[in-house]
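In what follows, residues are counted from 1 in the order of the sequence shown. Computed from a predicted structure; not experimentally measured.
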Amino acid sequence: KSSAASDVYKRQREGGAAVIYRLTAYGGETREFTKPASVRFSADRDAPAHSLEARFPLEPLGSGQRLPEFHTIQVVKDGAVFFRGLIDEQTILVDGDGAGIEVCSRSMAALLLDNEAIPQTYYVPSTRLIYQRHAQPYGFSEFSGKDKAFSTKLQIEKGASEWEVIESFCRDALGTRPQVTFTGELQMEPQDPEAEALFSNCGGIFYASIREERLRCKRLSQVLVRSERLGGYSTQVWDSQAAGDGILRRRLLNAVDDPKTPVFRGQLLLDKSREQAYQLELACPGERILPLETRARVTDPVLGDFEALKVSGISYRLDSAGEQTLVILRKDWEAESDVAG
């Protein structure tokens with residue numbers, strides 16, 4: 001383990017780092033920890049809820065006292081809230097090595113994933129209406145951005161989660177991918193962070209290893225879409241670049257009664273497969289938790305230079321072995337097209 005990672009771990013264990021883990025019970029009782037035994041944090045733009053697992057040593061409680069069942073967790077870093085989450089699991093272990101408490105939590109998006117939406121049909125849905133009915137009841141603050149109405153039908157079937165309703169509306173009406181930030185803010189029209197991250201061992205963010213993956217098995221070259229109840233899969237949507245790279249992989253998509261065009265649905269499937277077919281994974285010593293969708297560049301003496309990338313995933317750990325962050329970068333296809341043009 002690197003000396004830098006060991007020093008950071010030591011500072012947190014000794015309470016020197018400005019990081020507070022605040023656990024709160026439903027009744028309002030709180031308990032703060034500053035010396036975690038271990039921490040695991042992960043975020044992925046394909047998963048609405050981010051996860052945080054943390055374990056803390058416990059000192060003996062007074063006679064007759066017990067720890068409450070904690071409800072939420074906040075991570076306060078340098079005086080500002082860095083993460084808010086709901087505690088899913090709480091475990092207390094007492095053995096020969098002492099006592100400790102472990103909590104497993106998910107970010108506030110868990111509320112939208114865990115609750116089913118009431119089946120209904122919107123004929124002229126608006127941004128504000130969807131927000132007020134499917135997010136605000138769970139404590140999310142007022143959305144930022146313009147209130148827009150759309151003359152498109154939004155059908156909510158039984159079993160759909162509140163998140164699925166919001167995601168469908170944003171995808172079909174706004175043309176966006178909604179996000180719930182680390183601090184618990186729902187963004188229906190998220191703005192990419194202004195800063196750009198440079199990963200380089202010569203003047204940028206240092207990394208101990210880099211891994212490039214080309215996953216041809218994820219890429220599709222063609223989608224056939226069925227849009228009429230009595231018709232067949234007659235609409236063809238191609239990824240000419242994938243076909244030009246020798247990829248021959250077809251999927252069939254049933255879009256009967258879908259208000260969006262068959263080409264739109266087929267292109268979404270192709271875009272998703274293209275996004276998942278390439279990634280860079282960098283192992284960075286220390287804490288390098290960047291906001292998702294942060295623009296990024298990489299300069300490596302072996303692999304070369306990479307531009308038009310975005311942060312798509314973060315996996316952070318802190319334990320006795322030190323501190324490390326795995327950063328997943330995927331191609332920003334729109335930006336790459338601009339660079340190529």
Side-chain angles (χ1 to χ4, degrees), residues 42-51 71-72 84-89 104-141 143 148-181 184-190 218 220 223-231 233 235 237 251-273 275-276 292 312-313:
S42 64
D44 192 303
R45 68 182 181 186
D46 292 332
H50 316 309
S51 66
H71 171 58
T72 60
R84 301 178 195 269
L86 301 172
I87 294 176
D88 290 327
E89 300 178 17
C104 299
S105 66
R106 290 175 295 160
S107 62
M108 304 308 292
L111 289 168
L112 304 177
L113 291 167
D114 292 349
N115 286 277
E116 290 188 12
I118 298 175
Q120 57 191 295
T121 302
Y122 293 105
Y123 290 98
V124 187
S126 69
T127 311
R128 182 178 298 278
L129 180 62
I130 296 300
Y131 199 100
Q132 288 177 337
R133 291 193 177 181
H134 300 280
Q136 209 167 43
Y138 303 98
F140 289 91
S141 59
F143 75 95
K148 305 175 184 178
F150 298 87
S151 57
T152 181
K153 185 174 76 170
L154 177 61
Q155 181 76 41
I156 303 176
E157 304 289 347
K158 182 182 181 303
S161 68
E162 300 282 30
W163 175 259
E164 288 175 309
V165 174
I166 294 170
E167 185 179 44
S168 295
F169 173 79
C170 290
R171 180 191 62 218
D172 295 350
L174 301 176
T176 63
R177 176 186 294 178
Q179 290 184 18
V180 175
T181 65
E185 178 190 0
L186 173 61
Q187 298 179 343
M188 298 178 72
E189 295 185 90
K218 300 284 189 181
L220 300 178
V223 176
L224 298 181
V225 188
R226 177 188 176 208
S227 58
E228 298 181 3
R229 190 170 299 278
L230 299 179
Y233 293 85
T235 301
V237 188
R251 292 291 182 270
L252 273 61
L253 180 64
N254 189 348
V256 174
D257 297 329
D258 194 317
K260 302 299 286 187
T261 66
V263 172
F264 178 86
R265 290 301 181 206
Q267 191 61 52
L268 281 179
L269 194 56
L270 289 177
D271 290 346
K272 184 176 182 179
S273 76
E275 183 179 276
Q276 294 177 339
L292 298 180
S312 70

**Message:** Once salt bridge (charged side-chain N to carboxylate O under 4.0 Å, His left out) is applied, what residue pairs with a partner in residues 111-124 remain, sequence neighbours excluded?
**Reply:** R106-D114
**Asked** Which heavy atom of L253 sits nearest a heavy atom of Y233, and at what distance?
**Response** O-CE2, 3.4 Å
**Fill in**
Correct closest heavy-atom pair for L112 and S161 would be O-CB, 3.6 Å
**F150 and its ring pair (Phe, Tyr, Trp, His ring centres under 6.0 Å) partner, picked from Y123, F169, Y122** = F169
**Request:** List in chain and number order the residues that pass side chain to side chain contact (heavy atoms under 4.5 Å, CB included) with E228, two or more places apart in sequence or in another chain; answer none if no residue qualifies.
**Result:** none
**Request:** Hey, could you give me the SG/CG distance between C104 and D88, rounded to the nearest 0.5 Å?
**Result:** 8.0 Å
**Request:** Could you give me the CA-CA distance, side-chain angles and deciding distance for L186 and I166, then say whether side-chain contact (heavy atoms from CB on, under 4.5 Å) is met?
**Result:** CA-CA 10 Å; L186 173 61; I166 294 170; 4.0 Å; yes
**Request:** Hey, could you give me the NZ/CD distance between K260 and Q267, rounded to the nearest 0.5 Å?
**Result:** 13.5 Å
**Prompt:** So, Y131 side chain and S141 main chain: donor-acceptor pair closer than 3.5 Å or not?
**Reply:** yes
**Asked** Any donor and acceptor pair, going by atom type alone, linking the side chain of S107 with main-chain N or O of H50 inside 3.5 Å?
**Response** yes
**Message:** Using the side chain to side chain contact (heavy atoms under 4.5 Å, CB included) criterion, which residues pair with R45? Sequence neighbours excluded.
**Reply:** R177, E275, L292, E293, K310, S312, R330
**W163 versus P48, closest heavy-atom pair with distance** = NE1-CG, 3.1 Å
**Request:** Working to the nearest 0.5 Å, report the span between CG of L113 and CG of L111.
**Result:** 9.0 Å
**Request:** With the side chain counted from C-beta on, respond yes when S273 and K218 share a heavy-atom pair under 4.5 Å apart, and no when they do not.
**Result:** no
**Prompt:** Do F140 and M108 touch side chain to side chain, with heavy atoms closer than 4.5 Å?
**Reply:** yes
**Request:** Using the test salt bridge (Lys or Arg N to Asp or Glu O under 4.0 Å), find all partners of R226 that sit at least two apart in sequence or belong to another chain.
**Result:** none
**Asked** Tell me the salt bridge (charged side-chain N to carboxylate O under 4.0 Å, His left out) pairs involving residues 150-176, sequence neighbours left out?
**Response** D172-R265
**Asked** Just by modelled atom types, is the M188 backbone N or O under 3.5 Å from a matching donor or acceptor in the T176 side chain?
**Response** yes
**Complete:** Taken in chain and number order and not counting sequence neighbours, the residues that satisfy side chain to side chain donor-acceptor pair (under 3.5 Å) with S51 are S42
**Message:** Would L154 and T121 count as a side-chain contact (heavy atoms from CB on, under 4.5 Å) here? Give the steps.
**Reply:** CA-CA 6 Å; L154 177 61; T121 302; over 6 Å; no
**Request:** Using the side-chain contact (heavy atoms from CB on, under 4.5 Å) rule, take F264 and D258 through it: C-alpha gap first, then chi angles, then the decisive distance, then the call.
**Result:** CA-CA 10 Å; F264 178 86; D258 194 317; over 6 Å; no
**Non-hydrogen atoms of S227 and P262 that approach each other most closely** = CB-CG, 3.4 Å
**Prompt:** Looking at NZ of K148 and CD1 of I130, how far apart are the two atoms once the value is rounded to the nearest 0.5 Å?
**Reply:** 14.5 Å
**Prompt:** So with a 6.0 Å cut-off around CD1 of I118, is the heavy-atom count from everything else above 12?
**Reply:** no
**Prompt:** Hey, mind stepping through L269 and L220 against side-chain contact (heavy atoms from CB on, under 4.5 Å) and telling me if it holds?
**Reply:** CA-CA 8 Å; L269 194 56; L220 300 178; 4.0 Å; yes
**Prompt:** Do you know which two heavy atoms are closest between I87 and T72, and how far apart they sit?
**Reply:** CD1-O, 3.5 Å
**S168 (side chain) donor-acceptor with V165 (main chain) under 3.5 angstrom** = no
